[in-house]
J.: 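Handing you a structure now.
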Amino acid sequence: MKRLILICCVLAAHAAWAADGQPDVTTPDGGRYYGAVEGGKFQGRGRIEWPNGAAYQGWFEKGLFDGRGRYEAPSGEIYEGDFDKGEFTGQGTYSRPDGARYRGAFLKWRMHGEGRFVDANGDLFEGSFVNGELNGQGKAVSRSGDVYEGEFRQGLFNGKGVLTYARPRPDGSRQVTGIWRNGRLIDDPDRRAAGLAVETALLTQRQLLDSALAALAPGRPGVIDMYFLAVGGDGSQEVFRREAQFVRSQFDERFGTRNRSIALVNSRNTFGSAPMATVSSIGEALKAIAARMNRDEDILFLFLTSHGTREHELALAQNYMTLRDLPARELGRLLKESGIRWKVIVLSACYAGGFIDHLKDDSTMVITAARGDRASFGCADENDFTYFGRAFFKEALPKSRSFQDAFARADALVAEWERKEQPKEERSLPQIHSTPAISAQLARWWATRTNSGSGH
């Protein structure tokens, strides 16, 4: 939030507002005064107007504004409240044409004492003001909804305070409690404790990944087995974890991938109990799957859900640490190096269509939530699914006889939802790339699922 400074306009004795009849007094600078005069000075209730547009109406004492009154400046600023010997002093309200407004105590033209100020941007400040700035205990609410409550000095967060975010931070947290100096957090006990927890969890990551990879069952000769790998990339929003876990469970239960599935997930809830999604762990998982499967017949279903960039990189982010994102070209390289032949790759991310050229080959189907130049929708921390994830996996796939069929149904659903819920945004335009070879292999696999009674 911005530093708060307000200096009220001074009564330079220039003002104006229309009146009927002749003034009781005309001043040397053109002011027209209507009211009582005692001993040659304005006294009691009256009003005065100047040619430049300034005006005052209220009480006078020995020629000065004194008592309750209303002053309008040529600039459009308005003060209404207590005056003392010609100055804003006491309780009053002040407003500017740009929308800024203050209600509270004044001392000699400045906000001083308890008050509430809303600036032109819509940010709110309330508490104890000293010479126009918050000092001591106060509260600040930004236009975006962030709330700070605690100590201020010269309009800045300074001392003990709590900052509550309207939306989660990149690490997933919603609140910071600590010590601030000149608007900067210098001590955050909660973050420090969480950082220690992450360091401890990192010691177990090698074991968690090794255990998950070791649990993969080998492919069965003469049977087309499907292997499943889910990647939940951005741990700052739980929607990606929820989506990855749902799809893994769906494939384990319906498509026989139990003991042949892995989920690599970044989340504030699982960093100590499940393997994280990093470029390295994705590469290791692909190699481990390739080593277990029969590469001539088995199929990998790779599902990646996260934020995507215009540069066609998949976000990999874990709370309280920095991870390297996964570019489309590098994912293509990892898949090629793994030696896995048959693949279905589904990417639920903005601009995911930009991955297709780096992943496609004769034995690979690629499905993306958006065209390479379009955003996708639904990635909110509180959601269970992104738009495309819900449309494809939850709504369409259970009713479909092929992944192509599921894509067609999901594409129609996403278009319908976007028209209703995102009418001003460009359509995401989900994409699919397939070939006769992968389609034929998938048809053979679907037939085994139907014959075994484990699917449509």
J.: Kindly indicate whether the side chain of Ile438, heavy atoms from C-beta on, has any atom under 4.5 Å from the side chain of Trp342.
T.: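 Ile438 vs Trp342: side chains touch.
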J.: Using the rule salt bridge (Lys or Arg N to Asp or Glu O under 4.0 Å), only one of Arg101, Arg68, Arg70 pairs with Glu80; which is it?
T.: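 Only one of Arg101, Arg68, Arg70 forms a salt bridge (Lys or Arg N to Asp or Glu O under 4.0 Å) with Glu80, namely Arg70.
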J.: Work out which heavy atom in Phe407 is nearest to a heavy atom in Phe392; give both atom names and the distance.
T.: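 Closest approach of Phe407 to Phe392, heavy atoms only: N-CE1, 3.5 Å.
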J.: Using the ring of each side chain (for Trp, its six-membered ring), is His307 parallel, tilted or perpendicular to Phe240, with breaks at 30° and 60°?
T.: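 Aromatic pair His307/Phe240 classed perpendicular.
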J.: How far apart are the closest heavy atoms of Ser434 and Met365, and which atoms are they?
T.: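 Result for this residue pair: OG-CE, 3.3 Å.
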J.: Could you go through the side chain to side chain donor-acceptor pair (under 3.5 Å) check for Gln137 and Ser128 one step at a time?
T.: CA-CA 6 Å; Gln137 288 296 316; Ser128 179; over 6 Å; no
J.: Using modelled atom types and a 3.5 Å cut-off, is there a donor and acceptor pairing between side-chain atoms of Thr257 and backbone atoms of Ser261?
T.: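 Absent.
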J.: Is there side-chain contact between Phe228 and Val247, with heavy atoms separated by less than 4.5 Å?
T.: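 Yes, side chains in contact.
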J.: Quick check: do Val176 and Tyr165 have side-chain heavy atoms less than 4.5 Å from each other?
T.: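 They are in side-chain contact.
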J.: Would you say the side chain of Asn135 lies within less than 4.5 Å of the side chain of Gln154, judging by non-hydrogen atoms?
T.: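 The answer is yes; the side chains approach within 4.5 Å.
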J.: Can you check whether Thr89's main-chain N or O pairs, donor with acceptor, with Asp82's side chain at less than 3.5 Å?
T.: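 No, Asp82 side chain to Thr89 backbone: no donor-acceptor pair under 3.5 Å.
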J.: When you measure from the side chain of Arg292 to the backbone N and O of Leu213, does any donor-acceptor pair fall under 3.5 Å?
T.: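 The answer is yes, because a donor-acceptor pair under 3.5 Å joins these two groups.
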J.: Can you check whether Gly161's main-chain N or O pairs, donor with acceptor, with Glu149's side chain at less than 3.5 Å?
T.: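 Pair absent, no side-chain N/O of Glu149 close to backbone of Gly161.
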J.: Considering non-hydrogen atoms only, spot the tightest contact between His112 and Leu107 and give its length.
T.: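 Heavy-atom minimum between the residues: CB-CB, 3.6 Å.
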J.: Between Gln237 (side chain) and Cys379 (backbone), is there a donor-acceptor pair under 3.5 Å?
T.: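 The answer is yes, because a donor-acceptor pair under 3.5 Å joins these two groups.
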J.: Would you say the side chain of Arg260 lies within less than 4.5 Å of the side chain of Met226, judging by non-hydrogen atoms?
T.: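 Result no, sub-4.5 Å side-chain heavy-atom pair not found.
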J.: State whether the side chain of Gln205 and the backbone N or O of Ala274 hold a donor-acceptor pair below 3.5 Å, judged by distance alone.
T.: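 Indeed, once roles are kept as given, a pair shorter than 3.5 Å links the two residues.
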J.: Of all heavy-atom pairs between Ala166 and Ser144, which one has the smallest distance, and what is that distance?
T.: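 Where Ala166 meets Ser144 most closely, the heavy atoms are CB-O, 3.3 Å.
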J.: Is the closest basic N to carboxylate O distance between Arg333 and Glu330 below 4.0 Å?
T.: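 Looking at Glu330 together with Arg333, the answer is yes, because their closest N to O distance falls below 4.0 Å.
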J.: State, without any angle test, whether Gln441 and Arg444 hold a side-chain donor-acceptor pair at a distance under 3.5 Å.
T.: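 The criterion, which ignores hydrogens and geometry beyond distance, is satisfied for Arg444 and Gln441.
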J.: Look up atom CZ in Phe152 and atom NZ in Lys139, then write down how far apart they are to the nearest 0.5 Å.
T.: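 Answer for the CZ-NZ pair, Phe152 versus Lys139, is 10.5 Å.
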J.: Quick one: which residue pairs count as a side chain to side chain donor-acceptor pair (under 3.5 Å) with a foot in residues 211-223, not counting sequence neighbours?
T.: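 For residues 211-223, and leaving out neighbouring residues, the side chain to side chain donor-acceptor pair (under 3.5 Å) pairs sorted by first residue read Arg220-Asp225.
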J.: Can a donor-acceptor pair be found, under 3.5 Å and without considering hydrogens, that links the side chain of Asn121 to the backbone of Asp123?
T.: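 Pair absent, no side-chain N/O of Asn121 close to backbone of Asp123.
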J.: Which word best sums up how the rings of Tyr387 and Phe377 line up, parallel for under 30°, tilted for 30 to 60°, or perpendicular for over 60°?
T.: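 Ring orientation of Tyr387 relative to Phe377: tilted.
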J.: Heavy atoms only: give me the nearest Ser428-Val414 pair and the separation to one decimal.
T.: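 The pair with the smallest heavy-atom distance is OG-CG1, 3.6 Å.
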J.: Kindly indicate, with the supporting measurements, whether the criterion side chain to side chain donor-acceptor pair (under 3.5 Å) is fulfilled by Ser75 and Glu77.
T.: CA-CA 6 Å; Ser75 62; Glu77 296 167 284; 2.7 Å; yes
J.: When you measure from the side chain of Glu151 to the backbone N and O of Lys160, does any donor-acceptor pair fall under 3.5 Å?
T.: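 At least one qualifying donor-acceptor pair exists.
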J.: Quick check: do Asn158 and Asn182 have side-chain heavy atoms less than 4.5 Å from each other?
T.: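 Contact flag for Asn158/Asn182 side chains = yes.
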J.: Roughly how far, to the nearest 0.5 Å, is OG of Ser363 from CD1 of Ile299?
T.: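 It comes to 10.5 Å.
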J.: Would you call the rings of Trp180 and Phe157 parallel, tilted or perpendicular if under 30° counts as parallel and over 60° as perpendicular?
T.: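 Taking Phe157 first and then Trp180, their aromatic rings stand perpendicular (interplane angle over 60°).
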J.: Under a 4.5 Å cut-off applied to non-hydrogen side-chain atoms, are Leu331 and Leu314 in contact?
T.: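 They are not in contact (no side-chain heavy atoms under 4.5 Å apart), so the answer is no.
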J.: Looking at Asp411 and Arg427, does any basic side-chain N land under 4.0 Å from a carboxylate oxygen?
T.: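 Answer for the salt bridge query: yes.
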J.: For the CZ atom on Arg153, are there more than 12 heavy atoms of other groups (residues, nucleotides or ligands in this structure) within a distance under 6.0 Å?
T.: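 Counting neighbours around CZ of Arg153, 12 or fewer heavy atoms of other residues, nucleotides or ligands fall under 6.0 Å, so no.
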J.: Quick check against the 3.5 Å criterion: does Ser338 have a side-chain atom that pairs as donor or acceptor with the backbone of Leu335?
T.: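 A pair under 3.5 Å: yes.
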J.: Output side-chain donor-acceptor pairs under 3.5 Å for residues 346-358, partner residues at least two apart or in another chain, one line each.
T.:
from: Ser348; atom 1: OG; to: Thr386; atom 2: OG1; distance (Å): 2.9
from: Tyr351; atom 1: OH; to: Arg310; atom 2: NH2; distance (Å): 3.3
from: Asp357; atom 1: OD1; to: Lys360; atom 2: NZ; distance (Å): 3.3

J.: Please report whether the ring centroid of Phe129 lies less than 6.0 Å from that of Phe125.
T.: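 Centroid separation for Phe125 and Phe129: 6.0 Å or greater.
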J.: Working to the nearest 0.5 Å, report the span between CG of Asn259 and OH of Tyr227.
T.: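 Spacing of CG (Asn259) from OH (Tyr227) equals 10.0 Å.
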J.: Checking the side chain of Arg241 only, and the main-chain atoms of Gly232 only, is there a donor and an acceptor separated by less than 3.5 Å?
T.: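 Judged by distance alone, no pair lies under 3.5 Å.
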J.: For Thr164, give me all partners under side chain to side chain donor-acceptor pair (under 3.5 Å), at least two apart in sequence or on another chain.
T.: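 Thr164: side chain to side chain donor-acceptor pair (under 3.5 Å) contacts with Gln175.
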J.: With ring pair (Phe, Tyr, Trp, His ring centres under 6.0 Å) as the test, pick out the partner of Phe393 among Phe303, Phe255, Phe385.
T.: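 Testing each of Phe303, Phe255, Phe385 against Phe393, the sole residue satisfying ring pair (Phe, Tyr, Trp, His ring centres under 6.0 Å) is Phe303.
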J.: Distance only, no hydrogens: is a donor on one side chain within 3.5 Å (strictly under) of an acceptor on the other, for Asp361 and Thr364?
T.: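 Short answer, yes.
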J.: When you compare the side chain of Arg324 with that of Thr278, does any pair of heavy atoms fall below 4.5 Å?
T.: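 A side-chain contact under 4.5 Å is absent here.
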J.: What heavy-atom pair brings Pro275 and Ala263 nearest, and what distance separates the two atoms?
T.: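 It is CG-O, 3.8 Å.
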